[in-house]
Structures are given as structure tokens and as C-alpha cells.
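See structure below.
Because the structure is a prediction, the values reported are computed rather than measured. Chain naming here is simple, since letters A, B, ... match the order of the sequence lines and numbering starts at 1 in each.
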Number of protein chains: 2
Amino acid sequence: MTDFVTGSTHSADALPVSAVDPLADLPGYLLRRAANSMMAELGTRLNAHELRISEATVLLLINDRTDLTSAEIGKLLEIQRANMVPLLARLETAGLIHRVPINRKSQAIVLTPHGRTRLDEVRAVTQKFEADLLERIPAQHRPHLVPALQALLG
Amino acid sequence: MTDFVTGSTHSADALPVSAVDPLADLPGYLLRRAANSMMAELGTRLNAHELRISEATVLLLINDRTDLTSAEIGKLLEIQRANMVPLLARLETAGLIHRVPINRKSQAIVLTPHGRTRLDEVRAVTQKFEADLLERIPAQHRPHLVPALQALLG
DNA sequence: AGAGAAAGCTATCCATCATAGCAATTGGAT
DNA sequence: ATCCAATTGCTATGATGGATAGCTTTCTCT
């Protein structure tokens, strides 16, 4: 598994990764490339709905909940508190979320009716995306991807 | 509720993903999270050798080759031509690569002796990293990860 | 009541990635 | 042999994501 024999010096036109790139066997490298590629694709699809991936993710996370604060969302999605600010500001400006005071310190982030409608769009996009993604993986490997990735996050 | 209220920004213990996060079943989402997590780890390890991931990747790609141009490396690693400039500049300043004219337009990027030495370090780091990564994946899923990721890049 | 933690925010900074444009050179087709 | 399109390497510039430090207000715990 640690033998990358390349030797092939093709005129680099298109990029049949595994064919030319001696790094194409390294799981870490593959992980990055695959994630980049997939996220670019998802980003493009969500762009058609004027949403960034992070924004769509927040909508999906909130869903029906009316108890999530900015800090909690950040913890769940691994987004710094400071970086939640512009993110939520955009969603609020777009009228997708609003803030409901919990006490004088905290506020719950809740979907507006419009936000809920848009969430349905997001759901359609992401479900299609996930389905397309899985479809690209040969059937015998498919059921192993999610558990493997989950193990990496533990 | 909320048991993990650690003040730490992003420590190890963070989140039992699948427990709380309703997104934890989505392959695309997992892919991004896993890649981010892994790349952060690799970045830290390479940092100890004063290299970025992209720089280390370039070293690994060049290896023995003496025919690769900046544009070709960029194509293989999916890095824009424009972004290769500062990357190679750093490697050159660090004395790890040098440029060998091919003609009046193109130049081959070649490792210096020092660059080759550093590449050995990089290889040690990445092999350890890849091994650690694979080890975290349960044995029955392990052999499926690389083929699955490769399929995503096709 | 007081101390410490947490929430929300501002202000920066850094790294990655993308785009446009430019001058020089190359290579292919006529 | 010449001309034109493509390529190379580069500059300059944004957009984005992510990280840190610090501040004020408020909550919570003892």
C-alpha cells in the first residue's frame, strides 16, 4: 500500500487523478480532495438558492427547535462564537431567522416562516446531493463510508 | 442540560457527534467534518517541521522528478497557477526547491539536496499520519475508505 | 454578595482559493 | 517562414473560512 510507482509522464491535460498522481493512494490526501470536490459541488448547488453551506447547515440544524442559542449552534457545528455573528446576521437580514430572547443574556435562534420555506428548499437540495454523492460510490463500498467517516470524528 | 460546557475553544473532547447533531448521518457533511478534522491534525504535525500541507504535498509530488513545471504541479494538485507562485516562492526561499530552465518560457521545479532531506521527514510524518488515520477506522470498514473516496473524485 | 463563567459582540489577522489581466514565449497550422 | 492561438509565469485583488483577543453585560453557583 505504500508503493507509489509512477513513472508515467503524460502531457498533463485533464487530470485522471489515480492515473498520474502518486498521492492518490493516501487516505488523508484523498479525504481532502474528495471533501473539497464535494463541497464545491454542494456550494454551487446552494448558491442557486443564495445560501452558503454554513448558512444552509444552520437552517438544517435549527429546524423546529426554538431553544438553540448562537453559542450552542456554534458548538454543534464547530464554528467559533465570533464567526457565528456575521453568519447569523446574514440569515437575519435575509429574513430566514429571528431572535427570541431567553433572558437578558441569551437569545434563541428560530426560523421565520420564510426561513422554514427556504429550509424545505435546502432539504431538497441536500437530499439530492447526498443521494448523488452516494451513487458515485460502488455499491460494495457504499455502506462503509458513513461509519468510517464517523469513526474519524470520534 | 448541556453537559459539555467547556470553555476551551476547540479541544479534543468537543462533541459526541452522532449523539446530538442531527446532521451526523449525512455523508457530505461528515466528509467535510472529517476532512477538516484530519487536515487540522496533519497541519499541526507538519507545522512542527515548518511546512504547510500544500508545501509538503508539492515535495511529495516532485520527489525524484526533474521535469515538472509549476503549471503541471498545479494541475495535478488542483492549485491555480496564480496560487502556485507564493507557494513555490516559499519553498525556494527555504532552499527546498530550485528552478531549472527548460526553455525560455518554462522551468522545471526540482528538489535541492536539502529539499530531499526534508522530503524524508515529510514522508515519515505523512506515513505515520496515514497509519494513525486508518487505525481509527474499524477494521471492517477500513479497506473500503480509499476506494470510496477515489470514486468520489472520478 | 461576590467570583467566575458564559453570551454576544467588535476588531483583526491569517490562510486558502478564485479571477482577471499582462508580457513573453512556444507551437501548430498554413 | 510567418502568424495566431495557447501556454507560462507572474501581479494584483477579492471573497471566504477560520482563529484569537478583548470587551461588556448577564447569569449562576456557592
When the distance from [atom1] of [X] to [atom2] of [N] is rounded to whole Å, what number comes out?
X        : N      : atom1 : atom2 : answer
B/Asn47  : D/dG18 : CG    : P     : 18 Å
A/Asp67  : C/dA7  : CG    : P     : 13 Å
A/Ile73  : C/dC9  : CD1   : P     : 12 Å
B/Glu50  : C/dA15 : CD    : P     : 13 Å
A/Ile102 : C/dA6  : CD1   : C1'   : 13 Å
B/Met84  : D/dC10 : CE    : P     : 10 Å
A/Leu68  : C/dA7  : CG    : C1'   : 15 Å
A/Glu55  : D/dA15 : CD    : C1'   : 13 Å

What pattern of brackets, bars and dots sums up DNA chain C from 5' to 3', given Watson-Crick or G-U wobble pairs under 3.5 Å, [ ] for crossing pairs and | for another strand? ||||||||||||||||||||||||||||||
Are [X] and [Y] close enough for a salt bridge, meaning some N to O gap below 4.0 Å?
X        : Y        : answer
B/Arg116 : B/Asp120 : no
A/Arg136 : A/Asp132 : no
B/Lys75  : B/Glu72  : no

Check this one for me: any side-chain N or O of B/Lys75 less than 4.0 Å away from OP1 or OP2 of D/dT7?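 Answer no for this pair, as no side-chain N or O of B/Lys75 is under 4.0 Å from OP1 or OP2.
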Does the side chain of B/Arg52 get closer than 4.0 angstrom to OP1 or OP2 of C/dT16 through an N or O atom? yes
Can you tell if the side chain of B/Ile53 reaches within under 4.5 Å of the side chain of A/Arg32, non-hydrogen atoms only?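 Side chain of B/Ile53 against side chain of A/Arg32, heavy atoms only: contact under 4.5 Å found.
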Side chains of A/Leu152 and A/Leu31, heavy atoms from C-beta outward: is any pair under 4.5 Å?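 Counting from C-beta outward, A/Leu152 and A/Leu31 do come under 4.5 Å.
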Is a donor on one side and an acceptor on the other found under 3.5 Å between the side chain of [X] and the backbone of [Y]?
X        : Y        : answer
A/Arg142 : A/Leu134 : yes
A/Arg52  : A/Leu87  : no
B/Thr112 : B/Gly95  : yes
B/Glu130 : A/Gly28  : yes

What's the closest nucleotide to the side chain of [X] if the choices are [options]?
X       : options                : value
A/Thr69 : C/dG8, D/dC10, D/dG17  : C/dG8
B/Arg90 : D/dT11, C/dT16, D/dG17 : C/dT16
A/Ser54 : D/dT8, C/dC9, D/dG17   : D/dG17

What pairs of residues pass the ring pair (Phe, Tyr, Trp, His ring centres under 6.0 Å) test when at least one of them lies in residues 76-115 of chain B, not counting sequence neighbours?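 For residues 76-115 of chain B: none.
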Select from B/Ile53 and A/Leu88 the residue whose nearest nucleotide in DNA chain C is closer to the 5' end of that strand. A/Leu88
Pairs: protein N or O with nucleotides 18-22 of chain C N or O, under 3.5 Å:
from   : atom 1 : to      : atom 2 : distance (Å)
C/dA18 : OP2    : B/Gln80 : OE1    : 3.2
C/dA18 : N7     : B/Asn83 : OD1    : 3.4
C/dA18 : N7     : B/Asn83 : ND2    : 3.0
C/dA18 : N6     : B/Asn83 : OD1    : 3.2

Among residues at least two apart in sequence or on other chains, which ones pass side-chain contact (heavy atoms from CB on, under 4.5 Å) with B/Lys105?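 Result, side-chain contact (heavy atoms from CB on, under 4.5 Å) vs B/Lys105: B/Asn103.
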Apply ring-ring contact (aromatic ring centres under 6.0 Å, His included) to A/His141 and list each qualifying residue two or more places apart in sequence or on a separate chain. B/His144
Encode nucleotides 24-30 of chain D as B, S and - characters from 5' to 3', where the letter depends on protein heavy atoms closer than 4.0 Å: B to the base, S only to sugar-phosphate, - to neither. --BS---
